[in-house]
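I have placed the structure first, in the form of structure tokens, so that the comments after it can refer back to it.
Remember, it's a predicted structure, so these values are computed and weren't measured experimentally.
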Amino acid sequence: MVHLITELSKYTMILLFALYTWQCYSALGKSVDAEEKAWKFQKQVFYMYLFHFNAYAVLFLSTKNQDLLKFYLAQVLFFAAVQVSYGIFYKRVSKLVVNNMCMLMCIGFVILTRLSYEHAVKQFVIAIISMVATMLIPYFISRWKFVRSLTWMYALAGITLLGVVAVLGAVSHGAKLSFSVAGITVQPSEFIKIIFVFFVASMFYESTEFVQVVKATAVAALHVVILVLSKDLGAALIFFIAYMVMLYVATRKLYYFAGGLLCGAAASVVAYFLFSHVRVRVVAWQDPLAVFEREGNQISNSLFAIGTGGWFGMGLGQGMPYKIPEVKQDFIFSAVAEELGGIFAICLILVCVSCFLMFLNIAMQIKDFFYKLVALGLGTIYGFQIFLSIGGDIKFIPSTGVTLPLVSYGGSSLLSTLIIFAIIQGLYLLRERGEEEPASQKQPAGPKELAGEGGRRPRKKAASPKDAEPEHSRRPERAIGTGAGTPQNPSARAPEGMPEKAGGNFRGTQGLAEGRSSSIPGRASWDVKGTQGQYPGISSELQEIERGLTRELQELELEEHAFRAAQPRDQKPLTAEYRASSLHDPLTGNARVENPSAEHRANPNGSTPEGNGKKKRLGRKGGISSHEKTIHGTKVHDFD
């Protein structure tokens, strides 16, 4: 009966995980709205809990261990607390990243429980502590701006910790990877890779000039050299690839990237001849069955496990993954493929890829260049680590001893990966807040904003210059800029959107009214050009007023020129003081007359008693009305 349940459960778990994976990619579609995405994420959580229950039910029936029930309930509470905490404190985080993080940890707990219950419990305790420690990281990342200015502190911390490991670290499988503090084993390279990303991002945020690139490359090379001397070649390769990707994106220079890859290839050849354990892994990768008893034992058993599992797996507890050395750390993917099947393993790869794509999506959409590089660097580290881990398990590349994030056993690996996910969530919050601020600027302005600083409501902008001109102020236009004997320019046309002017030398709206040389000695003729080009913020009403003032000035110049030509030589011309006093006041719209007489105050727009009382209305444009009248036998213009 137990065997039958186990056999049926493997198909159920494959189906549930396949549905979960489908929701990962269907939620990324552009046509999916927010409500539909939320529903897809809820279904993901439902599939995860069903898979979790199915797996532990099979493990309990096969082992009859009562402690598994308590362990299962503790995990359910843990996943529920993570989901609820992110929902309460970070409502705008990426639900997809949260769900994938929980699902990958769930698969890790299940397969570790199958391999070793004690190791699974230890991993679970580390997960609880790590999740509590990283819960505040999204808040700090989304608000702390000084992290971009700690460039050389990142470099100093990384080089110092790597140096300590190279000198005092414990040797594991021929490499110095970790050291112990109070009985707790720590692998610093897992955390230094995060600091390294911040260092590179800070350097290229300051500058991408050649000198800055040389400095960054020198420090990055020092990190890699220390890792190589410690024989931690997997970590050295991750550092190198992350730096090359960030360098290329920051500088957009392909020859930097190509030159770096050539240098990396040459360094790999050198490492092959310098380090014996590198040659051992290369030999095991070339033909593992030929050296099955020695170098090829690990990779050969990994391939046997994957092949034995087939597409649908042997079922939980029915395989022999314990025959693979270091199966809990380096070769956990092979154990998953053997007992849960090749389809399940492919879905696992797709879920990891969806996390990687989400990291790149955040990197592309975030506006701040520093955080863009950080997201890109962390995404590159995560994606390349998955490639190294799975690629080594399936003999695609030589084994590098890199763990599968969130699935493999290892406290340092689990904590560093949760830190990466928390940083990415902080950057996602930063991106969401950056999209929300421009949207808030488009909100309708309130009464205070409409009234302005002085409490006055700004002038309503006219729809067009024609609408801004009052109907009673329009009159037939004279030739602008043309005098007696000056031909009109029929080819000159008003700009698009402006009313056509008959016979005017209207030269568009590309600049302000511009003074030019005039046929009148000592004067400057004015060419109407408007204000739309240089001053696009000025309303069309003000532009029309400016054009009207310019036209009136032109007419005044022409009339004065004609008056001077007809004036007798023995008659004194009008003084400059009188001309200045009779010009239009642009602020009040009235004529400026210095020391007006009583008669003028009584009849400001008419003729004086000395005149003949004849008054001719010449027209009105741009808020100015001009009249012709005779004073002491002399014809002058009055503006009101």
Sub-3.5 Å donor-acceptor pair from the side chain of [X] to the main-chain atoms of [Y], do we have one?
| X | Y | result |
| --- | --- | --- |
| Glu338 | Gly313 | no |
| Ser130 | Ile126 | yes |
| Lys372 | Met364 | yes |
| Ser207 | Met203 | no |
| His119 | Leu115 | no |
| Gln298 | Pro325 | yes |
| Arg281 | Thr400 | yes |

Closest heavy-atom contact between [X] and [Y]?
| X | Y | result |
| --- | --- | --- |
| Asp393 | Ile306 | O-CD1, 3.9 Å |
| Val197 | Leu373 | CG1-O, 4.4 Å |
| Ser142 | Leu430 | O-CD1, 3.4 Å |
| Met358 | Ser94 | CE-OG, 3.4 Å |
| Leu350 | Tyr25 | O-OH, 2.5 Å |
| Ser413 | Thr403 | OG-OG1, 2.9 Å |

Hey, does [Y] have a side-chain heavy atom less than 4.5 Å from the side chain of [X]?
| X | Y | result |
| --- | --- | --- |
| Phe359 | Leu376 | no |
| Asn361 | Gln365 | yes |
| Phe109 | Tyr72 | no |
| Leu28 | Leu96 | yes |
| Val165 | Leu227 | no |
| Val219 | Ile159 | yes |
| Phe46 | Leu50 | yes |
| Val353 | Leu357 | yes |

Is the distance between the ring centroids of [X] and [Y] under 6.0 Å?
| X | Y | result |
| --- | --- | --- |
| Tyr11 | Phe312 | yes |
| Phe79 | His52 | yes |
| Phe71 | Tyr117 | yes |
| Tyr382 | Phe356 | no |
| Phe240 | His223 | no |

Do [X] and [Y] pair up side chain to side chain, a donor and an acceptor below 3.5 Å, judged on atom types alone?
| X | Y | answer |
| --- | --- | --- |
| Glu206 | Thr151 | yes |
| Gln83 | Asn99 | yes |
| Gln44 | Lys95 | no |
| Ser399 | Asp330 | no |
| Ser334 | Ser302 | yes |
| Tyr322 | Ser116 | no |

Report task. Give me the one residue out of Phe204, Tyr154, Trp152, Tyr371 that meets ring pair (Phe, Tyr, Trp, His ring centres under 6.0 Å) with Phe198. Result ->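 Among Phe204, Tyr154, Trp152, Tyr371, the one that satisfies the ring pair (Phe, Tyr, Trp, His ring centres under 6.0 Å) with Phe198 is Tyr154.
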Query - Among Phe257, Tyr243, Tyr255, the one residue meeting ring pair (Phe, Tyr, Trp, His ring centres under 6.0 Å) with Tyr248 - result: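 Option passing the ring pair (Phe, Tyr, Trp, His ring centres under 6.0 Å) with Tyr248: Phe257.
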When rounded to the nearest 0.5 angstrom, what is the spacing between [atom1] in [X] and [atom2] in [Y]?
| X | Y | atom1 | atom2 | value |
| --- | --- | --- | --- | --- |
| Glu339 | Met320 | CD | CE | 10.0 Å |
| Ile5 | Lys10 | CD1 | NZ | 14.5 Å |
| Leu418 | Phe421 | CG | CZ | 8.0 Å |
| Leu150 | Leu156 | CG | CG | 12.0 Å |
| Leu112 | Lys328 | CG | NZ | 8.5 Å |
| Met48 | Ile107 | CE | CD1 | 10.5 Å |

**Report entry** side-chain contact (heavy atoms from CB on, under 4.5 Å) between Met105 and Met131, intermediate numbers included
**Finding:** CA-CA 11 Å; Met105 284 193 294; Met131 188 60 66; 3.9 Å; yes
Query raised in the report: Taking atom NZ of Lys145 as the centre, does the number of heavy atoms from other residues, nucleotides or ligands within less than 6.0 Å exceed 12?
Result: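 Result for NZ/Lys145: enclosed.
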Report task. Show your reasoning for whether side-chain contact (heavy atoms from CB on, under 4.5 Å) applies to Ile241 and Ile381. Result -> CA-CA 8 Å; Ile241 294 297; Ile381 286 177; over 6 Å; no
Requested in this report: Begin from the C-alpha positions of Phe333 and Ser389 and carry the test side-chain contact (heavy atoms from CB on, under 4.5 Å) through to its verdict.
Outcome: CA-CA 8 Å; Phe333 179 80; Ser389 178; 5.6 Å; no
Can you label the angle between the [X] ring and the [Y] ring as parallel, tilted or perpendicular, going by 30° and 60°?
| X | Y | result |
| --- | --- | --- |
| Tyr86 | Tyr90 | tilted |
| Trp144 | Phe140 | parallel |
| Tyr205 | Phe370 | perpendicular |

Query raised in the report: How would you list all residue pairs meeting side chain to side chain donor-acceptor pair (under 3.5 Å) that involve residues 305-314, not counting sequence neighbours?
Result: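 Matches after skipping sequence neighbours: none remain.
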Query raised in the report: Hey, mind stepping through Ser26 and Lys40 against side chain to side chain donor-acceptor pair (under 3.5 Å) and telling me if it holds?
Result: CA-CA 8 Å; Ser26 62; Lys40 289 180 178 295; 3.3 Å; yes
Query raised in the report: Can you list the steps and then say if Val97 with Tyr428 is a side-chain contact (heavy atoms from CB on, under 4.5 Å)?
Result: CA-CA 10 Å; Val97 175; Tyr428 187 85; over 6 Å; no
**Report entry** Residues Arg431 and Asp368 bridged, charged N to O under 4.0 Å
**Finding:**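 Asp368 and Arg431: not salt-bridged.
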